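Some notes on the structure that comes next.
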Number of protein chains: 2
Amino acid sequence: MNPELTISKLAKRLDLSAHTIRYYERIGLFDPVGRGGNGHRVYAEKDVLWAEFLLRLKATGMPIHQMLRYAELRRSGDSTLAERRELLEQHRRDVQAQISQLSQSLEVLDNKIQIYHQLEQKEHHHDP
Amino acid sequence: MNPELTISKLAKRLDLSAHTIRYYERIGLFDPVGRGGNGHRVYAEKDVLWAEFLLRLKATGMPIHQMLRYAELRRSGDSTLAERRELLEQHRRDVQAQISQLSQSLEVLDNKIQIYHQLEQKEHHHDP
DNA sequence: CATTGACTTAGAGCGCGCTCAAACCTTTAC
DNA sequence: GTAAAGGTTTGAGCGCGCTCTAAGTCAATG
């Protein structure tokens, strides 16, 4: 019923290793998390949501030092709302640019692949 | 009139350092290139085109070992046409997947940014 | 004829983002 | 009571993709 997770459960859910989760906590990306009586980390749903958002940033190419900046602003409370928004807006522009660039490259790839198809046709006619 | 380039001209044109160009040649990505009487590298237009295509692959996230595989296939001649095409087709699918993933993330970012705008509105009403 | 500047090589060093090793502690199962 | 399964810490190591250093060659310039 309660949604608390061990580190290995979280690892499975986020699809990364427990090592990496501890590493992210060490460098200040994930907040220090609750501990059970045995000293083991206990993750609540809010931790999962925060982690998932960070991983979304990572997946879109944000470098760790910038995620770290965002995490620090968040820890500083509501006075940093505008700054956090601006950071995300800048990142939004970066992601847009990535998409444009990839779309262009997709066209280049398609052209190249077409050329290969043509070359392969010619190859097949070599010996009469 | 003739379009031959020194390494520093090529570096400017490709927007990378001469160091990096030599590095790419060393690891087998760029073909060993012509040399002037003084032993300096001399780049012809075909070298530029090949480099630009490789950089396109790099820009779309292809790791160096795979670019290297492609480069080796190319050096092996026409018998590798199909294999090269398949490599590019696989990469095309990867790029498509990247675009989809980024587009999704863009929506998530937009939601988050909207939420920040709302929170900032509320913040501004705090003191009456 | 010495200096400047652009090139050459081999190889060392570096920043990023993990990834793993070692030593140790708990809880559960037999 | 002991072994296995899972967690803890600190700190070292690693793969990638460059990036830079050192020492040297060569060509043109003052």
Side-chain angles (χ1 to χ4, degrees), chain A residues 4-44 47-48 50-72 91 94 98 101, chain B residues 4-44 47-48 50-72 91 94 98 101:
Chain A
E4 304 206 317
L5 299 175
T6 64
I7 197 167
S8 59
K9 294 282 172 58
L10 180 66
K12 260 168 204 146
R13 177 143 164 204
L14 300 178
D15 194 31
L16 34 79
S17 75
H19 283 311
T20 302
I21 293 173
R22 289 190 206 98
Y23 165 71
Y24 285 162
E25 182 179 322
R26 237 193 311 175
I27 65 173
L29 212 46
F30 292 173
D31 298 328
V33 78
R35 300 296 179 117
N38 46 14
H40 292 189
R41 289 171 179 78
V42 176
Y43 293 92
D47 299 314
V48 179
W50 172 231
E52 282 174 344
F53 184 66
L54 281 177
L55 292 179
R56 179 71 73 168
L57 294 180
K58 183 166 105 68
T60 50
M62 184 182 285
I64 281 190
H65 72 261
Q66 207 171 339
M67 292 197 276
L68 208 43
R69 169 121 188 83
Y70 184 73
E72 282 160 1
H91 186 56
D94 294 348
Q98 280 186 68
Q101 215 263 24
Chain B
E4 305 205 316
L5 298 175
T6 64
I7 196 168
S8 59
K9 294 284 172 59
L10 180 65
K12 260 167 204 146
R13 178 144 163 202
L14 300 178
D15 194 33
L16 35 79
S17 75
H19 282 312
T20 302
I21 294 173
R22 288 190 206 100
Y23 164 71
Y24 284 162
E25 182 180 323
R26 238 193 309 175
I27 65 173
L29 213 46
F30 292 174
D31 298 329
V33 77
R35 298 296 180 117
N38 48 12
H40 292 190
R41 288 171 179 79
V42 176
Y43 293 92
D47 299 314
V48 179
W50 171 231
E52 282 174 343
F53 184 66
L54 281 176
L55 292 179
R56 180 70 73 167
L57 295 181
K58 181 166 105 69
T60 50
M62 184 181 285
I64 282 190
H65 73 261
Q66 206 171 341
M67 292 197 275
L68 208 43
R69 169 123 187 82
Y70 184 73
E72 283 160 1
H91 186 57
D94 295 347
Q98 281 187 68
Q101 215 263 21

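Convention: sequence-line order gives letters A, B, ...; per-chain numbering from 1. Source: prediction; values computed, not measured.
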Which nucleotide in [options] has an atom nearest any side-chain atom of [X]:
X: B:Tyr23; options: D:dC18, D:dG11, C:dT8; value: D:dC18
X: B:Tyr24; options: C:dT8, C:dC18, D:dC18; value: D:dC18
X: B:His19; options: C:dT26, D:dG7, D:dT21; value: D:dT21
X: B:Ser8; options: C:dC7, C:dC20, D:dT9; value: C:dC7
X: B:Thr20; options: D:dT8, C:dT27, D:dT19; value: D:dT19
X: B:Ile64; options: D:dG7, D:dG17, D:dT19; value: D:dG17
X: A:Pro63; options: D:dT9, C:dG17, C:dT19; value: C:dG17

Could you tell me the separation between the [atom1] atom of [X] and the [atom2] atom of [N], rounded to a whole number of Å?
X: A:Leu10; N: D:dG7; atom1: CG; atom2: C1'; result: 14 Å
X: A:Ile21; N: D:dT9; atom1: CD1; atom2: C1'; result: 16 Å
X: A:Ile27; N: D:dT9; atom1: CD1; atom2: P; result: 15 Å
X: B:Lys12; N: C:dC7; atom1: NZ; atom2: C1'; result: 14 Å
X: A:Leu16; N: C:dC20; atom1: CG; atom2: C1'; result: 16 Å
X: A:Glu4; N: D:dG7; atom1: CD; atom2: P; result: 15 Å
X: B:Leu54; N: D:dG17; atom1: CG; atom2: P; result: 13 Å
X: B:Asp15; N: D:dC18; atom1: CG; atom2: P; result: 12 Å

Quiz item: Under 4.0 Å between a Lys/Arg side-chain N and an Asp/Glu carboxylate O for A:Lys9 and A:Glu4?
Solution: no

Quiz item: Any N or O donor-acceptor pair linking the side chain of A:Arg35 to the base of D:dG7 at under 3.5 Å?
Solution: no

Heavy atoms under 4.0 Å, any strand shown: does [X] hit a base, just sugar-phosphate, or nothing?
X: A:Ser17; answer: nothing
X: B:Arg22; answer: base
X: A:Lys58; answer: sugar-phosphate
X: B:Ile7; answer: sugar-phosphate

Exercise. Using the six-membered ring wherever Trp is involved, compare the ring planes of B:Phe30 and B:Tyr24 and label them parallel, tilted or perpendicular (cut-offs 30° and 60°).
Key: perpendicular

Quiz prompt | Under-4.0 Å side-chain N/O to phosphate OP1/OP2 contact, A:Arg41 with D:dG7 | solution = no

Quiz item: Quick one: is A:Thr6 getting a side-chain N or O under 4.0 Å of the D:dG6 phosphate, OP1 or OP2?
Solution: no

Quiz prompt | Between the first and last five pairs of the helix from C:dC1-D:dG30 to C:dC30-D:dG1, the angle of the axes, rounded to 10 degrees | solution = 20°

Quiz item: Heavy atoms, side chains only, cut-off 4.5 Å: are A:Leu54 and A:Leu29 in contact?
Solution: yes

Output the distance between atom [atom1] ([X]) and atom [atom2] ([Y]), rounded to the nearest 0.5 Å.
X: A:Ile21; Y: A:Leu16; atom1: CD1; atom2: CG; value: 5.0 Å
X: B:Glu52; Y: B:Arg56; atom1: CD; atom2: CZ; value: 9.0 Å
X: A:Asp31; Y: A:Asp47; atom1: CG; atom2: CG; value: 7.0 Å
X: B:Leu14; Y: B:Thr20; atom1: CG; atom2: OG1; value: 10.5 Å

Quiz item: Going by atom types only, do A:His40 and A:Thr6 share a side-chain donor-acceptor pair under 3.5 Å?
Solution: no

Practice problem: Hey, which sits more toward the 5' end of DNA chain C by its nearest nucleotide, A:Arg26 or A:His40? | Solution: A:Arg26

Self-check item: Minimal non-hydrogen separation, A:Glu25 against A:Pro32, with atom names
Solution: OE2-CA, 3.9 Å

Exercise. Select from B:Met67 and B:Asn38 the residue whose nearest nucleotide in DNA chain D is closer to the 5' end of that strand.
Key: B:Met67

